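A short worksheet on the structure shown next.
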Amino acid sequence: MASKHMKIDPDIIDRTARVTRKKLGYTPSEIKEVVETLLPTVADRHELRTALEEYEKTAQYRPMTGELIREARKKCFFFTAEQFGPLLGFKDSGSIRSTMSNLENGRTEVTEMVSRLARAYLAGHRPPDWPKNPKLKKPSVLDKKSSSIGAFF
């Protein structure tokens, strides 16, 4: 038996889930995980939107890991460690790359403050000193289409 979600176009899934991702401040991999649990239970875009809205109502704060911080920095903001570290409250110094490396690789704990700040940025909040020119290259549309559902929530 084919699953219900086979009828839903992957681009529609991406666009529908992007709203929830931004509201909750989730990274692409986090919203992909949520969508993959919901897809077998929905038949169309409207049912998916309804299921995501219900999820939003019960969603709790999720602490971030170093891997999620790295994903946000690279895949959502396209920042280098030197650009993102100060936005998370780390002192802008010669060792910022080392500080960010320790955080992203799990050698330093991601504090609740850093996690909540990163989630606020993922939800669209921007401080006045937000970098205008991300230094990492954004993937092309072709790169986004090359993988499975959820490639670019």
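Side chains are part of it too, since the values below use all heavy atoms of this structure and drop only hydrogens, waters and symmetry mates. Here the structure is a predicted model, which is why all the values come from computation and not from measurement.
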Can you say whether the rings of Phe77 and Phe84 are parallel (under 30°), tilted (30 to 60°) or perpendicular (over 60°)?
tilted

How far apart are the C-alpha atoms of Leu48 and Ile13, what are their side-chain angles, what is the distance that settles it, and do they pass the side-chain contact (heavy atoms from CB on, under 4.5 Å) test?
CA-CA 8 Å; Leu48 177 59; Ile13 294 171; 4.2 Å; yes

Counting distance only, does the side-chain N/O of Arg45 pair as donor-acceptor with the main-chain N or O of Thr16 below 3.5 Å?
no

Identify whether the distance between the nearest side-chain nitrogen and carboxylate oxygen of Glu67 and Arg70 falls below 4.0 Å.
no

One thing to verify: whether Arg119 and Glu112 come together as a salt bridge, which I'm taking to mean a side-chain N less than 4.0 angstrom from a carboxylate O.
no

Glu47 side chain to Ala43 backbone, donor-acceptor under 3.5 Å
yes

Atom pair OH/CG of Tyr61 and Leu24 - distance to nearest 0.5 Å:
13.5 Å

Drop me the distance from Asp14's CG to Ile8's CD1, to the nearest 0.5 angstrom.
11.5 Å

How far apart are the closest heavy atoms of Ile96 and Ala81, and which atoms are they?
CG1-O, 4.0 Å

With hydrophobic residues grouped by side-chain heavy-atom distances under 4.5 Å, do Trp130 and Leu88 end up in a single group?
yes

Taking a hydrophobic cluster as the set of Ile, Leu, Val, Met, Phe, Trp and Tyr residues connected by side-chain heavy atoms closer than 4.5 Å, whether directly or through intermediates, do Leu39 and Tyr55 fall within one such cluster?
yes

Flag yes if Val114 and Leu68 sit in one hydrophobic cluster, no otherwise; membership is Ile, Leu, Val, Met, Phe, Trp, Tyr, and two members link when side-chain heavy atoms are under 4.5 Å apart.
yes

Please give me the minimum heavy-atom distance between Gln83 and Pro131, naming the atom from each residue.
NE2-CB, 3.8 Å

For Lys135, check side-chain hydrogen bond (donor to acceptor under 3.5 Å, both in side chains) against everything at least two apart and list the hits.
none

Atom CG of Asn102 and atom CZ of Arg97: how far apart are they, to the nearest 0.5 Å?
12.5 Å

So how far is it from Arg21 CZ to Glu30 CD, rounded to the nearest 0.5 Å?
9.5 Å

Give, for atom OG1 of Thr27 and atom CZ of Arg62, the distance between the pair rounded to the nearest 0.5 Å.
8.0 Å

For Thr20, all residues meeting side-chain hydrogen bond (donor to acceptor under 3.5 Å, both in side chains), sequence neighbours excluded
Arg49, Glu56

Shortest non-hydrogen separation from Leu122 to Gly25 and the atoms involved:
CD1-O, 3.2 Å

Please give me the minimum heavy-atom distance between Pro127 and Leu87, naming the atom from each residue.
CG-CD2, 3.9 Å

Locate the shortest heavy-atom distance separating Ala51 from Val42; write the atom from each residue and the value.
CB-CG1, 4.1 Å

Spell out, as yes or no, whether a donor-acceptor pair under 3.5 Å connects the side chain of Arg73 to the backbone of Phe79.
yes

Return yes if some donor-acceptor pair links the side-chain N/O of Ser115 with the main-chain N/O of Met64 below 3.5 Å, else return no.
yes

With a 4.5 Å cut-off on side-chain heavy atoms, are Arg107 and Ser101 touching?
yes

Kindly compute the distance separating OG1 (Thr50) from CG (Asp44), expressed to the nearest 0.5 Å.
8.5 Å

State plainly whether one hydrophobic cluster holds both Val19 and Val34, where clusters connect Ile, Leu, Val, Met, Phe, Trp and Tyr through side-chain heavy atoms under 4.5 angstrom apart.
no

Determine whether Val35 and Ile12 fall in the same hydrophobic cluster, where Ile, Leu, Val, Met, Phe, Trp and Tyr are linked whenever their side-chain heavy atoms lie under 4.5 Å apart.
yes

Show the nearest heavy-atom pair for residues Arg126 and Tyr121, with the distance to one decimal.
NH1-O, 2.6 Å

